[in-house]
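Note that this is a predicted model, so its numbers are computed, not measured. Each chain gets a letter, A, B and so on, in the order the sequences are listed, and its residues count up from 1.
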Amino acid sequence: MPELLEVELYRRLAVAALDRPIASVAVVDPHVLGAPVSATGLRRALVGRRFTAARRRGKLLLLDTGAAGGEGAGPTVGLRFGMTGGLLVDDRAALDRLRHSAGHYGERWVRLRVHFGDGGVLAFHDPRRFGRLLLDPDEGALGPDAATATVAELRAALGTRGPGAGPPLKARLLDQTRLAGVGNLLADEILWRAGLSPSRPSGSLSADELRRLHRQLRSTLDRLAERGGSHTGDLMEERRPGGRCPRDGAELARVTVGGRTTWWCPAHQR
DNA sequence: TAGATTGTTACCGT
DNA sequence: CACGGTAACAATCT
């Protein structure tokens with residue numbers, strides 16, 4: 001579920017966890033910790049501190065820490081939500097439902113808890129266990145955030161190797177090191193709205209097509225944010241055999257691009 | 001039951 | 001070596 005739009009909702013929820021002293025950390029499932037982080041190491045890094053800022057870059061949620069009393073910066077916690085991760089603060093969720101979780105947040109899928117001195121708790125929830133907690137993640141490894149990327153940044157992300165060159169356009173949109181935040185559902189929706197084929201060579205866009213893609217990137221994120229998330233696109237209900245293009249009624253094609261299932265309209269996406 | 005799933009990454013071949 | 005495609009990961013849902 002979590003693409004950029006969902007992680008932004010998690011970020012806003014996480015603001016409620018700021019400036020509260022961290023009393024203890026319960027690693028319910030050690031699997032959520034990346035190899036270099038141990039449960040004791042994480043406790044040592046966090047207990048006695050507090051979260052001071054909730055930031056986001058692409059699909060990565062970043063929680064900066066400082067000393068509980070005031071001065072003294074601590075490590076930054078990075079939360080990567082994988083396919084099914086979610087966040088709860090004081091038992092409130094950013095999203096009412098999560099797919100792959102029987103429509104609710106179950107106790108059995110809580111992988112990590114951060115307890116605050118006031119009795120509250122921040123919980124990391126992840127049925128499928130692709131999510132990870134990272135300490136001081138390399139933010140520079142991610143491309144510019146898709147929600148704020150400029151046309152020039154988008155052009156750089158796609159590459160400029162010229163006509164016929166480069167990987168499929170969709171594969172580049174999904175490459176988090178070039179542009180951060182777009183996942184499989186958003187990529188299909190954006191390309192559908194922009195009228196561009198997912199398999200166009202990434203370097204083959206004209207200046208006009210590039211501007212169109214940039215405009216649709218922005219407007220799609222705005223529109224789906226209003227509607228409630230990455231799964232609220234016009235294409236979503238048609239992602240099935242026999243699904244039809246909501247714009248022109250043509251039967252959608254299912255292909256694999258960039259290793260992901262891709263639905264697109266051969267009639268108007270060029 | 002077989003097949004699919006919204007993310008990331010190690011590995012393999014060109 | 002750089003680049004790009006594939007499988008693997010884990011658990012659940014249709």
Inset, instruction - Check whether more than 12 heavy atoms from other residues, nucleotides or ligands sit under 6.0 Å from atom CD of A/Glu237, and answer yes or no. - result: no

Inset, instruction - Take A/Arg227 and A/Asp234, measure what salt bridge (Lys or Arg N to Asp or Glu O under 4.0 Å) needs, and give me the verdict at the end. - result: CA-CA 11 Å; A/Arg227 292 187 193 172; A/Asp234 293 348; 2.9 Å; yes

Nearest whole Å is fine: how far is [N] [atom2] from [X] [atom1]?
| X | N | atom1 | atom2 | answer |
| --- | --- | --- | --- | --- |
| A/Arg57 | B/dT8 | CZ | P | 14 Å |
| A/Leu185 | B/dA4 | CG | P | 16 Å |
| A/Arg260 | B/dT8 | CZ | P | 9 Å |
| A/Leu33 | C/dC9 | CG | P | 20 Å |
| A/Asp126 | B/dT8 | CG | P | 12 Å |
| A/Leu174 | C/dT6 | CG | P | 14 Å |
| A/Leu173 | C/dG4 | CG | C1' | 16 Å |
| A/Arg132 | C/dA8 | CZ | C1' | 12 Å |

Which of the following nucleotides, [options], is nearest to the side chain of [X]?
| X | options | value |
| --- | --- | --- |
| A/Lys59 | B/dT8, C/dG4, B/dT5 | B/dT8 |
| A/Thr261 | B/dT8, C/dG5, B/dT5 | B/dT5 |
| A/Arg254 | C/dG4, B/dA4, B/dG7 | B/dA4 |
| A/Arg108 | C/dT12, C/dG4, B/dT5 | C/dT12 |

Legend entry - ring-ring contact (aromatic ring centres under 6.0 Å, His included) partners of A/Phe124, counting only residues at least two apart: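 A/Phe124 satisfies ring-ring contact (aromatic ring centres under 6.0 Å, His included) with A/Phe81 once adjacent residues are dropped.
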
Under the rule for salt bridge (charged side-chain N to carboxylate O under 4.0 Å, His left out), what residues qualify as partners of [X], not counting sequence neighbours?
| X | value |
| --- | --- |
| A/Arg56 | A/Glu8, A/Asp145 |
| A/Arg260 | none |
| A/Glu189 | A/Arg193 |
| A/Asp19 | A/Arg50 |

Inset, instruction - Output yes if the stacking criterion (under 5.5 Å between centres, under 30° between planes) is met for A/Phe130 over the base of C/dC9, else no. - result: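 It does: the ring sits over the base of C/dC9.
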
Legend entry - Aro-ring/base stack A/Phe81-B/dG7, d under 5.5 Å, angle under 30°: no

Quick one: side chains of residues 110-120 of chain A, donor-acceptor pairs under 3.5 Å with protein atoms, not counting sequence neighbours, listed by atom name and distance.
from, atom 1, to, atom 2, distance (Å)
A/Arg111, NE, A/Asp126, O, 2.8
A/Arg111, NH2, A/Asp126, O, 3.2
A/Arg111, NH2, A/Pro127, O, 3.1
A/Arg113, NH2, A/Glu107, OE2, 2.4
A/Asp118, OD1, A/Arg20, NH2, 3.1
A/Asp118, OD1, A/Gly120, N, 2.9
A/Asp118, OD2, A/Arg20, NE, 2.8
A/Asp118, OD2, A/Arg20, NH2, 3.3

Inset, instruction - Return the set of residues passing side chain to side chain donor-acceptor pair (under 3.5 Å) with A/Lys170 (not counting sequence neighbours), or none when no residue passes. - result: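 Counting only residues at least two positions away or on another chain, A/Lys170 forms a side chain to side chain donor-acceptor pair (under 3.5 Å) with A/Asn184, A/Asp188, A/Thr262.
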
Inset, instruction - Determine which bases of DNA chain C form Watson-Crick or G-U wobble pairs with both distances under 3.5 Å, and write the result as a 5' to 3' dot-bracket string with | for other-strand partners. - result: .||||||||.||||

Legend entry - side-chain contact (heavy atoms from CB on, under 4.5 Å) assessment of A/Leu135 paired with A/Val77: CA-CA 5 Å; A/Leu135 278 185; A/Val77 171; 4.1 Å; yes

Legend entry - Side-chain N or O of A/Arg240 closer than 4.0 Å to phosphate OP1/OP2 of C/dT14: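 Indeed not, no polar side-chain atom of A/Arg240 lies that close.
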
Between the protein and nucleotides 9-14 of chain B, which nitrogen or oxygen pairs are less than 3.5 angstrom apart?
from, atom 1, to, atom 2, distance (Å)
B/dT9, OP1, A/Arg80, NH1, 3.0

Inset, instruction - Mind checking A/Pro168 for me? I need base, sugar-phosphate or nothing, with any heavy atom below 4.0 Å counting as a touch. - result: sugar-phosphate

